[in-house]
Amino acid sequence: MKTAWEDKMFSKKWFFDLESKLREMGLDSDEQSFDEILENLKHPKRVSPNQFAETVSYVILASGFNQKTAKIKHRIIMDLLKNNSNKFEILPVFKNESKIDAIITVWNNRQSLCDGFYKCQNLEEKIKYLLQISYVGETTVNHLARNLGENLPKYDRWIKRLGVVFSGDKNLNELLDKSKLKPELKQACDAMFNHLVQETGLPIGYIDVVLFRACQNHLIDMGDK
């Protein structure tokens, strides 16, 4: 049975209050702004090879950084690549040589990689295709696909914890630290997203990014302080 505190969560008002607070704080973005993400999910469009490479590179880079730092480093690196800078000119910006190599490879092959993505016939094929790119893993692939206009969540640690709260099943906490997303936990997260889609009328991918930003910036209290 849910507590009175939990009953206030997962409502239409709760979600839109979170979205409003993030906008007021200037935290309404990922690689793109909230408005751009929402528009792209509602009306997906084919991106250019340059946009494709920039989107992939952001996801490769963003892991381990806060949003502000990731965006600054990403923009500097992209500007350097557009000016034909080499690896050793880029490394002072981000001292992870293997990730820089991956980003350069994506940039140098952006036309063929972009064309290959759009040749995929369905979401399953697109996910398998993106997973072939270095440093795109089981969690980050959904992040990347979402930024390319696919309407899906990325099941990160914050979303999984919210899914447990939504389910009211504390036994699911035992699955949070597993490397693979367990079916029971995915089911709880999907139930949460389906509920919020009904509450808000918004795409799952947009709901995901708002909840992630809200958790990341401590706007959601999950009662574990």
Side-chain angles (χ1 to χ4, degrees), residues 29-32 36-37 40-41 44-67 69-82 87 90-91 93-160 177-182 185-186 189-190 193 203-209 211-213 215-216:
S29 68
D30 185 54
E31 178 206 9
Q32 307 146 337
E36 289 171 329
I37 292 168
N40 199 28
L41 289 170
K45 58 184 182 299
R46 180 171 178 137
V47 301
S48 69
N50 277 20
Q51 290 171 322
F52 181 88
E54 290 181 20
T55 300
V56 175
S57 298
Y58 179 83
V59 171
I60 291 173
L61 177 69
S63 177
F65 286 110
N66 64 39
Q67 174 199 7
T69 301
K71 291 182 79 170
I72 291 171
K73 288 183 178 292
H74 180 248
R75 182 43 49 207
I76 294 171
I77 291 170
M78 289 298 103
D79 287 344
L80 287 168
L81 285 173
K82 289 174 184 177
K87 176 171 70 175
I90 298 171
L91 275 173
V93 181
F94 180 44
K95 297 179 176 62
N96 185 320
E97 187 170 356
S98 56
K99 281 195 173 185
I100 291 298
D101 284 340
I103 289 170
I104 291 172
T105 297
V106 168
W107 181 255
N108 289 340
N109 296 279
R110 58 193 182 276
Q111 183 71 59
S112 60
L113 285 171
C114 184
D115 289 345
F117 177 73
Y118 286 109
K119 285 179 183 176
C120 296
Q121 298 299 307
N122 52 51
L123 179 58
E124 183 179 359
E125 287 186 12
K126 288 177 179 177
I127 293 296
K128 288 181 179 178
Y129 181 83
L130 294 174
L131 280 169
Q132 298 176 61
I133 299 173
S134 294
Y135 285 98
V136 176
E138 294 292 338
T139 298
T140 52
V141 70
N142 281 27
H143 183 187
L144 175 55
R146 197 274 316 286
N147 283 8
L148 289 169
E150 300 299 325
N151 185 30
L152 75 172
K154 61 182 184 294
Y155 303 108
D156 57 68
R157 64 190 180 96
W158 295 114
I159 295 302
K160 288 189 284 188
D177 296 327
K178 304 295 184 182
S179 58
K180 293 287 186 179
L181 178 64
K182 296 297 183 181
L185 194 51
K186 182 180 185 298
C189 294
D190 289 345
F193 281 118
I204 287 175
Y206 183 74
I207 293 169
D208 173 77
V209 73
L211 293 182
F212 171 76
R213 285 279 169 247
C215 288
Q216 188 182 50

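Sequential numbering from 1 along the given sequence is applied to the chain's residues. If you're wondering where the values come from, they're calculated on a predicted model, not measured in any experiment.
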For the [atom1] atom of [X] and the [atom2] atom of [Y], what is their distance to the nearest 0.5 Å?
X    : Y    : atom1 : atom2 : answer
I77  : L91  : CD1   : CG    : 9.0 Å
F193 : L211 : CZ    : CG    : 6.0 Å
Y155 : K160 : OH    : NZ    : 11.5 Å
L80  : I90  : CG    : CD1   : 5.5 Å
S134 : D101 : OG    : CG    : 9.0 Å
I159 : K186 : CD1   : NZ    : 13.0 Å

* Would you mind listing every salt bridge (Lys or Arg N to Asp or Glu O under 4.0 Å) that reaches into residues 127-141, with sequence neighbours excluded? => E124-K128
For [X], all residues meeting side-chain hydrogen bond (donor to acceptor under 3.5 Å, both in side chains), sequence neighbours excluded:
X   : answer
N96 : S98
Y58 : none
Q51 : S48
R46 : D115

Are any non-hydrogen side-chain atoms of [X] and [Y] less than 4.5 angstrom apart?
X    : Y    : result
L41  : R146 : yes
N40  : V47  : no
K99  : L61  : no
V56  : I133 : yes
M78  : L81  : yes
L130 : T140 : no

* Asked: For D177, does the CG atom sit with more than 12 other heavy atoms under 6.0 Å from it, leaving out its own atoms?
  -> no
Which residues satisfy the salt bridge (Lys or Arg N to Asp or Glu O under 4.0 Å) test with [X], sequence neighbours excluded?
X    : answer
E125 : none
K182 : none
K154 : D156, D208
R213 : D30

* Might you work through the side chain to side chain contact (heavy atoms under 4.5 Å, CB included) test for I100 and V93, ending with a clear yes or no? => CA-CA 10 Å; I100 291 298; V93 181; over 6 Å; no
Which heavy-atom pair separates [X] from [Y] by the least distance, and what is that distance?
X    : Y    : result
T105 : N109 : O-ND2, 2.7 Å
A62  : A70  : CA-CB, 4.0 Å
P203 : N151 : CB-OD1, 3.3 Å

* Contacts of type side chain to side chain contact (heavy atoms under 4.5 Å, CB included), residue T55, not counting sequence neighbours -> E31, L144, N147, L148
* Who passes side chain to side chain contact (heavy atoms under 4.5 Å, CB included) against I72, sequence neighbours left out? -> K68, I76
* When you measure from the side chain of Q121 to the backbone N and O of K119, does any donor-acceptor pair fall under 3.5 Å? -> yes
* Using atom types as modelled and distance alone, determine if a side-chain donor or acceptor of H74 lies under 3.5 Å from a backbone N or O of E54. => yes
* To do: Name all pairs fulfilling the ring-ring contact (aromatic ring centres under 6.0 Å, His included) condition that reach into residues 120-141, sequence neighbours left out, sorted by first residue then second.
  => none
